[in-house]
Structures are given as structure tokens and as C-alpha cells.
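To start, the structure under review is shown below, and the notes come after it.
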Amino acid sequence: MPWLNSELAPETRAKAALAAMTLDEKLRLIFGYSDQALTELAKVPDEIVAPDLKRYVVSHQVKGSAGFVPGVPRLGIPDQTQTDASMGVRNSFIPSTALPSSLATAASFDPEVPRAGGVMIGAEARATRHNTMLAGGINLAREPRSGRNFEYAGEDPLLAGIMVGALINGIQSNHIISTIKHFAVNDQETLRTSLDVTISAAAMRQSDLLAFELAIEKSSPGSVMCSYNLINGRWGCENDYLLNKVLKHDWGYKGFVMSDWGAVHSTVDAANDGLDQFTGFCCKDDKPWFAPPAMKAALQSGAIPRNRLDDMVERILWAMFAKGVVDHPVQVSPIDYAANAALSQKAAEESLVLLKNDGDLLPLRGVKSIAVLGGSADKGVLAGAGSSDVTPVGGAVTIDNHTYLPSPPVDALKRELPKAKIAFDPGSDLAAAASLAAQSDVAIVFVTRHNSEGSEASLEMVGNQDALVAAVAKANPRTIVVAETGGAIYMPWIDEVPAILEAFYPGIRGGPAIARILTGKVNPSGHLPISFPASADQLARPDIAGLGKPDGTPEEVLYDEGAAIGYKWYDLKGYKPLFWFGHGLSYTNFELSNLAAQPDGKAIRVSFAMRNVGKRQGKGVAQVYVAPADWKKAGWEAPKRLGAFAKANLKPGQIKSIELTIDPRLLATYEAAGNNWHIRAGEYRLMLGEASDDLLKSVAVTLTDAVWSASTTN
Ligand code: BGC
């Protein structure tokens, strides 16, 4: 069995294994089962899934996980055991370590944070017998209300590409496969299985697809998960343009495309338009599009060419060999949960964003009494819901149907400030909350905003939370708000409170991370990966397309903001959001100097220095934005784009020289006619600062005209 020789190239091994396979064996690899199959498969007719295969699936599947694809034991090809998702192993029977939300780790602006997180969750996947992680969520936060923004890495393609690429690298360092998902433009949850997104090729290439392209280049995920929605009239999982042309041809992608659960709508079109593996089959009412009877008929009639089936299987085998799934079989092994929780805490400490700190109220110093109010801060920290919902070590706390991770900020504050009197009030009675706040040195109000897969979250706070903040702030001017949210929220009370900490969903050790930042043990260094709009009239679409219609209703949406997402949109419109992309404060101050830039081929090389000019150690985030002198003439979607960024850990007085390169695609526009990237000649300004609205230094470079193919295969 030459394909089991790990000295050979994965391409060679995949071809050799393929050549040894029977038709039935090939068909096993392209049809996957969901966890529900364990109980439901018996009801599926035997002609669709043969009895011996049913027995195999039921006896080999990891109970409680997302999915399973049977291997070919005769040839030493292992089963694919699939678990969700980007924040940790999701298995209803196995507890695991939850990282902060992916949106939070993107806020670290340090790829080492998601990489280390990926190493940890990938190791937990291995140790629980999973060799495929359905991770790598990267849909851009085009719709600030999207219920899944917490699973993704924000609004900017460069930041998202780097952060998600790093996560996937970390996961796959465990010799397992990670997906990247959901391909593509699956940017809202409302009518997610029936929405038809209209968007130009150029807008996609410069936004959502660019995020995927950058992340795939950096990390080579074994699989790409195609999305539920339609894009320009074609389903995500039968989309010749996205799957065959862009992904496999232009980007030279060698792995396989797996479907999202229930996202397949045909046999012949899906196979010919680029889907390689149907996943998540369970029940007698499911359409078995890639099951043996349908595939055999399509092969026999020639509707699906034989070599297309071989290509599907070869891609799956390539990923299994290339990522180490075959050479390093997964097995159940012990997990050091304490070490993993500590890693998750560190990720949170790098990621939480200090949004406001008037009069240096934070860090808390010398306070004798603190009133903590609301947000179930005595019970835990909020987590998002859906397929990324981890069963946490220590057990989930369920409050109002929402999952809280067992890491109460109140307990952590008591540990950090043993001498202070810390009292908690749930905040349901405004008068009681205000009275407790009035009697305390400082008040900390926890507000929560629950987000879930499958539905959108309004940016307004639910219940009496806005009133609670206003009442407490009135009673005690030294009021701090800690927001545990899946994304942006409106803050009608912003001018009434001096300090705001955005904690996102901070993970299994969120409590200590919050407490250590509030008390100054940790200097905050997160910066926003999304802008916070000030009001609904600033949104590209005041109404979410299809909102209120029953799931499955066909609906079209025109994403005519194109690539102008987030800060690009606000820039374009001249709006002033509540907080801009890239914003984040520290307990120290940084100075950026010596900015210089020069063209380097089609790219631009930028250098500068960052100095800590404050009194304490801290991590600064420098961001370089590019702005054409005439952005309309340059064909850009908006006046400026993030071109590069860096985070540096500096002691007081310490200075560091930093050199960064701006990828030519971030200077170009995509031209569909010739399938080209094009940089227009002219002057481009490089602007350096610590947020997209705080760019104090700039230099200009002159670029010459450059056109090159967007395809790496021709
Ligand atoms: C989600 C995917 C997930 C899959 C399997 C789907 O509903 O959209 O992100 O990986 O379920 O659980």
C-alpha cells in the first residue's frame, strides 16, 4: 500500500490510493452523516444506505459531534470525525475549553493569539477523537446585526484573513483538517438557506473573497465549507463561479469543498459545479443527493463524468494525507483542562477592548467598595449560541435560555481586590441598583447582548439594560460599563459613563480576564475588529432583507455597498460611527514616528517606530491605512483601506522599529473582464495611527500602473 508511505508527496499518495479504490469505496468518501444519523439512519431505506454501512456509521461515529464520513479500512483510509467549530470542540457529551469568540481574538490584532488558540482547540479535538474541525469562520461583518458575527473575524478582509489563517494553522498543526467557512457572502442569518445575494464579482473579490483568499494562502485549510445561501442566482454549494473558477482554478486550491449541513440541492449540478463532499445526512426525509444510487445513476448516464468523481475523491484524500490525518490517527487521550483554560484567559486578556476611559477612572485604584450590577455577573460570562456553542468544562449555566460559561466576574473581582467590599445586584430593580451604586466608590454595570446562529440580533440592548446603565450612572458618576456582546451595540448612555470595556464573549476564563483588566493587572491592548454604528440610519441597509419572513422564503438582496463594508462605508458616507474600526485604548501611551514608505515591486514597504511614552508596560497596535489621492479615480470602493498592522509589547520608554509590507491586492481593484488585479498609477497616501479615525502621521508614494492576473494557475 504505497499511499501509506509518509515519505511520498501527498499528491502521489492520493493518486495511488484513488487507483486502488472500488466505485463503492469512492462513494463512501463523498457522503457524510450528521450526529442525528445515530438514531435516524435505521429509518433510511437500505437502497440509499446499505445495512453494513449503517452499522459502520453508527459504531464509528463520535457520539454528540457534528458529523462523520466513513473511511476505507481495507486501504488504511481513516474515518473523518468532524467537530464544530472555531471556539472549541463542540460535543454534547464531552466538555471542552471555550476560547473567547473569534471576533474577540481578532481584536487582539496579534495572529499569535488565534494561532495559539487553534493549537489548543485542535489538540482537544484530537484528544476527543476528532480529525476534522469545522472551524475557520470568516464571513465579513457586512451586516452588523448578523447573529454569527461573533464566530467571525470582523469587517476587514486583511485583518480577518490574517487572524483566521492563523487560527487554521494552529488547528492543523495537530495533524487534523480544518475547514474555512462559509463560502461565500453568507453575511446574514435571516433567511440564510434561501437568500439570494446579488453582488458584483469585483465587490466580492475586494471584500469577502479577499478575506478567504488571504486566509487560504496563509493556512491551506484541508476543506472549504460552502454556504447555504445563493450568490448571484446559484447556490453556494453548486456555484461554478465560486467553487470551480475562483477557488479551484484562480486560487489553485487543492483541498475539497464540503457542504454546510443541508446546503445541497442537487446531484449533477452540485458535483459538476464544484462540491466534493455532501455532509450532514441523517434522516429518511433528507434528500440523499450524493448517496450511491443518485451518484451511480449520474455516472452511468455520463451527467457526472467519471473523472469528476475521481477529482472529488482525490481532493479528499489529498487533504487527509497532506494534513496528517492518515499518518497520525486520532485517539482518545487526557486533556490538561487547567492549562487550556489559562491559555483561553490569556487570549481574552489580549483581546478585550477598552473603548472609553475618561479621567483615567480605570484601572481601579484604592477603591474600598464596588457595586456590580446586572449581566448575571455573579454567575458567569455570556457565550454565543448555535453550532459553535461549546459544552464548557465546569458545566454551562443557563439563564433565560442563554449559555453562560462558569467564570463569574464578581468572584474574579473579589479575588483581585480582597480588601474591597464588592456587592452584586442583578439590576432588575432600577431603584435598588441605583441605591447600591450610590453607596459605593465605583459602580460596574455588566450589559449583555445575546447572539445566535440562525437569527439576527438588533443592536439595541434587550430589557431594561439601557435604563439600568442610565440610572446607575446618575447615582454614581464613577460608573464603568462592561459589555459582553456578540458584536456592535448602540450605547444611548455613552456620554453618561466615563469608562466602557468591550468584553465580547470572553471565553471560559472571561471573569478573571475582565477583572485583571479592570484592576490593571493586565494592560488592555485589544482594538475593534468592527466599527460600532451610532444609529440605524448609518447602516447600509436599515432593514435586514427578509426579516420576519418564514425560513426558506426565497428573497433577493442587493449588496450594493459592494466592498465598502464597516469603516469603509462610514468613510464613504461621511458618517461618524460610535466607535471606529481599530479603536482601542491602553493604560499607557504610544508614540509613532519616522514613518517612511517606498514602492517595492507592486507592493509598498512601510517602516516606522513605536515608542511607549507612558509609565507602564503595554502592547500598542499600529495600523497603516492606504488612501489614493483620488480614490474614485483609483476605482476604490471607499477612501481608505487597512494595508498592514503590527502589535508590539513595550516597556516604558522602549522603542521598536517596525517594517511592514502592503500586499498589492490591497492597492488594487479587481477587473472582471480580464480577471485581473489593477493598480492605477498615481499618488497614494500611507497613514499611520492607532485606529482608523486616529491617523496622525502620513507619507505619500507614487505608484505606477500595474495589471496582473487574479489567477495563480494561468
Ligand atoms: C452551520 C455550520 C456547522 C454545521 C455543522 C451548520 O448549521 O452553519 O457552521 O459547521 O451546521 O454543525
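Along the sequence shown, residues are numbered consecutively beginning with 1. Both counts, for ligands and for their atoms, begin at 1 and track the order of listing.
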Proximal atoms of ligand 1 relative to M225 (non-hydrogen, under 4.0 Å) | 10 (O)
Nearest to atom 11 (O) of ligand 1, what protein heavy atom do you find, and at what distance?
-> D260 OD1, 3.5 Å
Ligand-side contact atoms (ligand 1) for residue partner K181, heavy atom cut-off under 4.0 Å | 2 (C), 3 (C), 9 (O), 10 (O)
Min heavy-atom dist R90 to ligand 1 below 4.0 Å | no
Other residues, nucleotides, ligands: >12 heavy atoms within 6.0 Å of Q36 CD = no
Of all protein heavy atoms, the one nearest atom 3 (C) of ligand 1 is D84 OD1, 3.3 Å
Distance-only donor-acceptor check, side chains E124 and T97, under 3.5 Å = yes
Flag for T485-E502: side-chain donor and acceptor within less than 3.5 Å | yes
Is R192 touching ligand 1 with its side chain, its backbone, both, or neither, if touching means heavy atoms under 4.0 Å apart?
-> side chain
Is the F31 ring parallel, tilted or perpendicular to the F278 ring (thresholds 30°, 60°)?
-> tilted
When V197, L210, V185, V246 are each screened for side chain to side chain contact (heavy atoms under 4.5 Å, CB included) with M204, the one that passes is V185
Protein heavy atom at shortest distance from atom 7 (O) of ligand 1 | Y228 OH, 2.9 Å
S387 and E453: side-chain donor and acceptor closer than 3.5 Å?
-> yes
Considering only heavy atoms of L134, which atoms of ligand 1 have at least one such atom less than 4.0 Å away?
-> 10 (O)
Ligand-residue contact atoms, ligand 1 with E453, heavy atoms, under 4.0 Å = 1 (C), 6 (C), 7 (O), 8 (O)
Could a heavy atom of H182 be found less than 4.0 Å from some atom of ligand 1?
-> yes
Can you tell me if CG on N401 sees more than 12 non-hydrogen neighbours from other groups inside 6.0 Å?
-> no
Could you tell me whether R148 approaches ligand 1 through its side chain, its backbone, both or neither, with non-hydrogen atoms closer than 4.0 Å?
-> side chain
Scan side-chain atoms only and decide if S86 and E151 contain a donor-acceptor pair under the 3.5 Å cut-off.
-> no
